[in-house]
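These notes are about the structure you will find just below.
Note on naming: letters A, B, ... go to the chains in the order of the sequence lines (proteins, then strands), and numbering restarts at 1 for each one. Not measured: the values here are computed from a predicted model.
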2 protein chains.
Amino acid sequence: MTKLILMNTFTEENYLKAIYKIAEEGDDFITTNDIAGKMNTKAASVTDMLRKLSAKKLIKYKKYYGVALTENGKKVALNIIRSHRLWEMFLVKTLKFKWDEVHDVAEQLEHVRSEKLVKHIDKFLNFPKFDPHGDPIPDANGKIISSHEKSVLLSEAKHDKNLVITGVKDHSVSFLQLMEKSGIVPGSKIKVKAVQPYDKSLSLVLNGRKKMFVSNQIAKNILVANAGGRK
Amino acid sequence: MTKLILMNTFTEENYLKAIYKIAEEGDDFITTNDIAGKMNTKAASVTDMLRKLSAKKLIKYKKYYGVALTENGKKVALNIIRSHRLWEMFLVKTLKFKWDEVHDVAEQLEHVRSEKLVKHIDKFLNFPKFDPHGDPIPDANGKIISSHEKSVLLSEAKHDKNLVITGVKDHSVSFLQLMEKSGIVPGSKIKVKAVQPYDKSLSLVLNGRKKMFVSNQIAKNILVANAGGRK
DNA sequence: AAACATATTTAGGCATATCTAAATTAAATA
DNA sequence: TATTTAATTTAGATATGCCTAAATATGTTT
């Protein structure tokens, strides 16, 4: 029997999302092993799926020579990312989840098949441009603000400037929990006072009053922009 | 490798829900074919699944002698039903979906695995007792108001009494759309003026002003209670 | 009680998505 | 350039959930 409705499985969607994210991180040569790493699966399984996605013209795939999304594949990936980030926003803003609690649930909700649902959530949230981690939310046509345009790493930021947290690079629960506890969340104001030459750790002032220290390791995972630099 | 986390698949959950609903309709002897009908699948597939659910002690199953949910199975079914009805309520009340548009989406959302999510939606909606179709929403412990306790079919209701619509029996899109268009929705006030002896069609007054006729076929799918009879 | 009709189960297959282990290819090194 | 190493692909299995067709059980007629 032929399949009447053309639809991607959850797994296919997750592979496309993973490929998109690896590409976004800068790799323009995306390998089977890269994907296996991101998907927590084995290279052999990835090869199987790549053949399938290629047959559906969602990726360009040449054996042994890596992978790239087609226009169509990119569209599917961005749609899932849009849905994921809107759901994260909904969970945090409307249902009062903490920003470190939303990922796994959004990972499920993103696959619910209903354009209308995503549109309505978007409208309900008043068309947010960024999710709770500071990542940009693609619009319904897949247009996305190029990731953190005007942002730099906190570890590279100029001293004594008024900065605002725009996002984080590490999305792990442990990192997010640490940030949440310290009050370093998107929107917070921050100023770099000094850097220890020895270990490159930073002295900061948060929201104009709280003094704190963070390691270079942490500062490298925080994105900031000049205060007022992003609406 | 042994499965570390004990979890039911979407399909298993749907079978349990189907069995629960057939039982609720009055059948106390539930057959393989009953389930195949409800699940839109074949008897052979049902047998496969019954063996599986039985092994997991979610149903009591004796070959050729029908099926009943165990306490545990009932709990799982009621949990899914709770989630489904809360999501329907959310879609209608918060996202302004029509009551005839919510079923398919809720059918997907009900399977999202997060107790916290369901609890938060419940709280956000202010702990509703009934869904948009008038069906009772089980609480977090699986306690459910016995379906339409004080309700009777509109076709059986007394004349010239002030009644309120409490629910519908037919949940098909076409029926719901018809009801929506006529204004016969849970909460509406209604009074039976007369019944045609010939075809048992009813003359009604809706919300104290709109006069209308409905066939007996329709009236048999509408539940009503004495106005003020249910909070 | 035997024969029949109907419902149910079994047997054998298919598709998806996964895995391990073996074979193959590409790229780096000697 | 030949060899080695590392990545990738293929081959062959497994589990889920579904199917069709054949076998079997139940219960109802005759």
Side-chain angles (χ1 to χ4, degrees), chain A residues 1-19 22 27-68 73 76 80 107-108 110-111 113, chain B residues 1-19 22 27-68 73 76 80 107-108 110-111 113:
Chain A
M1 203 235 225
T2 40
K3 217 172 264 181
L4 291 177
I5 299 170
L6 185 56
M7 203 155 55
N8 308 308
T9 65
F10 287 11
T11 311
E12 286 167 356
E13 290 178 349
N14 285 333
Y15 271 94
L16 293 172
K17 197 174 53 158
I19 295 167
I22 295 166
D27 268 320
D28 50 319
F29 183 74
I30 297 173
T31 70
T32 303
N33 262 353
D34 288 345
I35 299 169
K38 198 134 261 124
M39 294 289 298
N40 245 303
T41 185
K42 298 299 156 70
S45 310
V46 174
T47 302
D48 284 348
M49 182 55 81
L50 294 183
R51 303 237 268 80
K52 199 176 159 199
L53 293 174
S54 186
K56 287 178 117 180
K57 298 202 191 300
L58 293 165
I59 59 172
K60 259 200 66 174
Y61 168 54
K62 216 184 136 197
K63 273 203 308 195
Y64 297 105
Y65 287 94
V67 151
V76 175
I80 298 294
E107 205 75 358
Q108 300 178 61
E110 69 187 11
H111 299 291
R113 272 162 233 291
Chain B
M1 202 232 216
T2 39
K3 218 171 262 179
L4 291 178
I5 299 169
L6 185 57
M7 203 152 57
N8 308 307
T9 64
F10 288 11
T11 312
E12 286 168 355
E13 290 178 349
N14 285 332
Y15 271 93
L16 292 172
K17 197 175 52 158
I19 295 167
I22 295 166
D27 266 321
D28 49 321
F29 184 74
I30 297 173
T31 70
T32 303
N33 262 353
D34 288 345
I35 300 169
K38 193 119 254 119
M39 294 288 298
N40 245 304
T41 183
K42 297 298 156 71
S45 310
V46 175
T47 302
D48 285 348
M49 182 54 81
L50 294 184
R51 302 243 280 27
K52 199 176 157 198
L53 293 174
S54 187
K56 287 178 117 179
K57 297 203 191 298
L58 293 166
I59 58 171
K60 259 199 67 174
Y61 168 54
K62 218 186 135 194
K63 276 202 309 193
Y64 296 104
Y65 287 94
V67 150
V76 175
I80 298 294
E107 204 76 357
Q108 300 178 62
E110 69 187 10
H111 298 290
R113 272 163 234 289

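One interatomic measurement links the two molecules: CZ of A/F29 to C1' of D/dA6, which rounds to 13 Å at whole-angstrom precision. Rounded to a whole Å, the NZ atom of B/K56 is 13 Å from the C1' atom of D/dA15. With rounding to whole Å, B/L53 atom CG is found 13 Å from D/dT16 atom C1'. Rounding to whole angstrom units, NZ of residue A/K62 and P of D/dA7 are separated by 21 Å. Computed from coordinates, the B/N33 CG to C/dA7 P distance equals 6 Å when rounded to whole Å.
Here B/Y61 lies in heavy-atom contact (under 4.0 Å) with sugar-phosphate atoms only.
Between A/I59 and A/S54, the shortest heavy-atom contact is CG1-N, 3.6 Å. Nearest heavy-atom pair, A/H111 versus B/Q108, reported as atom, atom and distance to 0.1 Å: O-OE1, 4.3 Å.
The side chain to side chain donor-acceptor pair (under 3.5 Å) test applied to A/T31 returns A/D34, not counting sequence neighbours.
Which of C/dT10, D/dT26, D/dT9 sits closest to the side chain of B/R51 comes down to C/dT10.
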Under a 4.0 Å heavy-atom criterion, the protein footprint on nucleotides 18-23 of chain D, written with B, S and -, is BBB---

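For D/dT10, one of the phosphate oxygens OP1 or OP2 lies less than 4.0 angstrom from a side-chain nitrogen or oxygen of A/K63.
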